[in-house]
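Worksheet: the structure to be examined is printed underneath.
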Amino acid sequence: MIENLVIVESPAKAKTIEKFLGKDFKVVSSFGHIRDLAKKNLGIDIKGGFIPDYEIPKDKIKVVNELRKAASEAKTVWIASDEDREGEAIAWHLVEVLNLDPQKTRRIVFHEITKSAIEEAIKSPRTVDMNLVNAQQARRILDRLVGFEISPVLWKKVQPALSAGRVQSVAVRLIVEREREIINFKPESSFKVTGIFNTSSEAAAGENSFKAEAVTKFHNEDEAVRFLEICREATFTVKNVTVKPGTRSPAPPFITSTLQQEAYRKLGFSVSQTMAIAQKLYEEGKITYMRTDSTNLSRMALAKIRDVIVNEYGEKYSKVRQYKTTSKGAQEAHEAIRPTYPEKATITGTQAEKRLYELIWKRTIASQMADAQIEKTIIAIEMNNSPVIFNAYGEVILFDGFLKVYSESQDIEGSEDEKAILPRVNTGMKLFYEKITAIEKYTSPPPRYTEASLVKKLEELGIGRPSTYAPIISTIQQRGYVARENRPGEKRKITVLDLTGGNITRAIKTEIFGKEKSKLFPKDIGMIVNDFLMENFSEIVDYNFTAEVEEQFDKIASGQLAWNKMLENFYGPFHKTVENTLEKRNKTTGTRILGIHPETGETISVKMGKYGPVVQAVHPEKSDKPRFASLQRNQLIETITLEEAVKLFSLPRSLGTYEGDEIIVGTGRFGPFVKYKNKFYSLKRNIDDPYLITLERAIEIIKEKDIADKQKIIKDFGEIKVLNGKYGAYINYKSENYRIPKGTSVNDLTEEECMKIIEKKQKSGK
DNA sequence: CAGTGAGCGAGCTTCCGCTTGACTT
């Protein structure tokens, strides 16, 4: 018999809490939700008044059985799931599934995981709050209705196996709309003028010199040249010097979304990588819970952090701060993400674990440190023959404060102005230019989303939760709506004008623009689905939809609105839209007619085909079968031109013969290739172009790969081969691979021994 | 690994949020 059974959501939390509670308490975990809507079918009896049909998922049966057993042996059951909507629902499901007496079951919440907080919680138990539970049920049912009614519409009208939902569809919309902004963006250029000035005309170049930029931009080269000619004749004097004291404050401690952003910016971790590493740190007791939207730090943590700062950096570096959570829809069931033991600045573990921990440690410590004191200086320089002013910006840190430990990164590279140390100058002082440069600058389109910046945007909109940011990102990629891709960038010419020693020189330089690394690009199917949803389900993909239903969930939680009434109001019009769309809409393929093939007279169009986007050529008079060609990886239905489409039909083509056999170049499922003697050779990405490749280059690729393949072969017994792979040697037989048992000397393997390994696996496998 | 795109029909796909392992390769 157990005196007290406490149920929490996470096993790591259970372990910690058990230590605080002593012998009379047994603490176990529910591993999150233990029941959900039926997996098959809708799982909701709509006519009966939106009655949910709950079932215990397969992977939860074991946990539930253990919980049932423990509960039946306990005198008192305490449910300590999180203090939010989902946590309350977990508590209610536990009461139902474990057959607990609602009046005798004690619902408690921990505001922080400390002995005193837990003891405090034990003193004030309550019963399960059914209003809050109903708000969760309404949320759950609404999401199921939206997802399971719209997705089948997509299967019928667009393509099988697609999906739509309150959260994922908005995420896709953000990426599609951003891409269209970029497609429609027209870069404009202007000339930015910067000068390097010096207080003396004789100083050696660089010594005591400083940079200043002209406040005015010049529209074109003529204007820029004219201005440099004026500069050539000008006398420059210091107009005034402004010195402004300023302060900078640290960023709040990490929550899930900010951790994902900073880990991406500073460490280059993907959202899912960050979460996996954080999970590990959490399980090892090194950090607090990693799925949180609260910037709150426990009182105990605040005190410990203060000690660390005072010991390490001194009293004047400490400033105790409590941050307010600003994000929309925050439910604040946990603390901020912080080191469990702030006195440990480093840990043992893998390189990635160490780096992520260090990032969390620095951010946490910095958040409790003093403001940095800065002195900003602006030197304004005037000209005797022009109204244009040059400004030099300088910054001196008088007291580093939190900057000693941590400074937050920006999303856009180079967005921070260059801040230099300026020489002492006085108003009226004469200045001499060393060099004045007018450089052509193009405006840039808005940036594409990274995984982390998408999470940031979703959080701003109040869409998704800390536990779902990473899964959302993988879902929209799995469905093929978006993809994380790189782009090599394009070259463009820019004009640079230099004025030195009275001479103006002009140079043309090239710059690379549009280079992208690991950015989210929409795919054709994402754009088609998005347009379809915008046209037919604009309410669901509206950026405010979540916020609006959240308001109603809040009303349900406070008892002002009945949950089934809310669902009825939503479902009535929604379901009508679903039926109308099913009835009226034709199948969407996103077809665009591009024009007429200049040589054959065929009509060229582009659309979403069965296996992906294709261009199609149909002759208006002849009744031949249409010709098809797949789009290339970086082409979109929306932007492909007639010229590019026509080019796609020129593959596959023959390059000629090599040692009597033909070499054919084409493009397939895995990109461009050459085919020789029935063997395929991939072209090198970003180096070879299937439309331009020469016979010589093709032969080179073939030879290279043949050599590489030969090195791969350790032993060749004909049908059986011993090959060298990424993870060491393995056996290949009839296009199946077999692992070589550990401790085998690979070089001494005989054909018979290989066959034994193969037979052994074939027997055990089936 | 690389070709595919006629048409029919059966049977399948799908949501969001809470939590960790259990599975191969």
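Below, chains carry the letters A, B, ... as their sequence lines are ordered, and counting in each starts from 1. All of these numbers come straight from a predicted model, not from anything done at the bench.
- Rounded to an integer number of Å, the gap from A:K58 NZ to B:dC23 C1' is 14 Å.
- Atom NZ of A:K625 and atom P of B:dG7 are 10 Å apart (whole Å).
- No hydrogens or angles considered: nothing links the side chains of A:E335 and A:T288 as a donor-acceptor pair under 3.5 Å.
- Nucleic acid contact for A:G612: base, since at least one base atom lies under 4.0 Å from a heavy atom of the residue.
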| said: As a check on the pairing definition, encode DNA chain B in dot-bracket form, counting Watson-Crick and G-U wobble pairs whose two distances are under 3.5 Å, and using | for partners outside this strand. | reply: .........................

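- Atom pair A:E9:CD and B:dC18:P shows a separation of 8 Å (rounding to whole Å applied).
- Among the heavy atoms of the strands lying under 4.0 Å from A:Y282 are primed sugar atoms or P, OP1, OP2 only; no base atom is included.
- Here B:dC18 presents its P atom at 12 Å from CE of A:M290, a figure rounded to the nearest Å.
- For the pair A:K647 and A:Y691, the cation sits on the ring face: its NZ or CZ lies under 6.0 Å from the ring centre, inside 45° of the axis.
- Counting atom types as modelled, A:S682 pairs a side-chain N or O with a base atom of B:dA2 as donor and acceptor under 3.5 Å.
- Using modelled atom types and a 3.5 Å distance limit, the side chains of A:R107 and A:S81 yield a donor-acceptor pair.
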| Worked check of salt bridge (Lys or Arg N to Asp or Glu O under 4.0 Å) between A:D82 and A:K13 | CA-CA 11 Å; A:D82 295 343; A:K13 198 170 169 180; 3.2 Å; yes

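- A:S654 and A:E662 are linked by a side-chain donor-acceptor pair at a separation below 3.5 angstrom, with hydrogens and angles left out of the test.
- For the residue pair A:T589 and A:T591, a side-chain donor N or O sits within less than 3.5 Å of a side-chain acceptor on the partner.
- Counting any heavy atom pair closer than 4.0 Å across all strands shown, A:Y289 reaches sugar-phosphate atoms only and no base atom.
- Following rounding to the nearest Å, A:L631 (CG) and B:dG5 (P) show an atom-to-atom distance of 17 Å.
- Under a 3.5 Å cut-off, the side chain of A:T577 and the backbone N or O of A:N536 do not form any donor-acceptor pair.
- Within 4.0 Å (heavy atoms only), A:Q136 reaches no atom of the nucleic acid at all.
- The backbone N or O of A:K677 sits nowhere less than 3.5 Å from a side-chain atom of A:D661 that would complete a donor-acceptor pair.
- Distances shorter than 4.0 Å separate some side-chain N or O of A:Q279 from OP1 or OP2 on B:dT20.
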| field | Nucleic acid footprint by protein, nucleotides 8-17 of chain B - heavy-atom cut-off 4.0 Å, B for base, S for sugar-phosphate alone | value | -----BBBBB

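- Cation-pi geometry between A:R173 and A:Y543 is satisfied (NZ or CZ under 6.0 Å from the ring centre, within 45° of the ring normal).
- When the C1' atom of B:dG3 is taken as reference, atom CZ of A:R627 falls 17 Å away, rounded to whole Å.
- The base of B:dG5 is paired with the side chain of A:S630 by a donor and an acceptor separated by under 3.5 Å.
- Spacing between atom CG of A:L648 and atom C1' of B:dT4 amounts to 16 Å, rounded to whole angstrom units.
- Protein atom CG of A:D59 is 13 Å distant from nucleotide atom P of B:dT20, rounded to whole Å.
- Side-chain contact of A:S163 with A:R479: a donor-acceptor pair under 3.5 Å is present, judged by distance alone.
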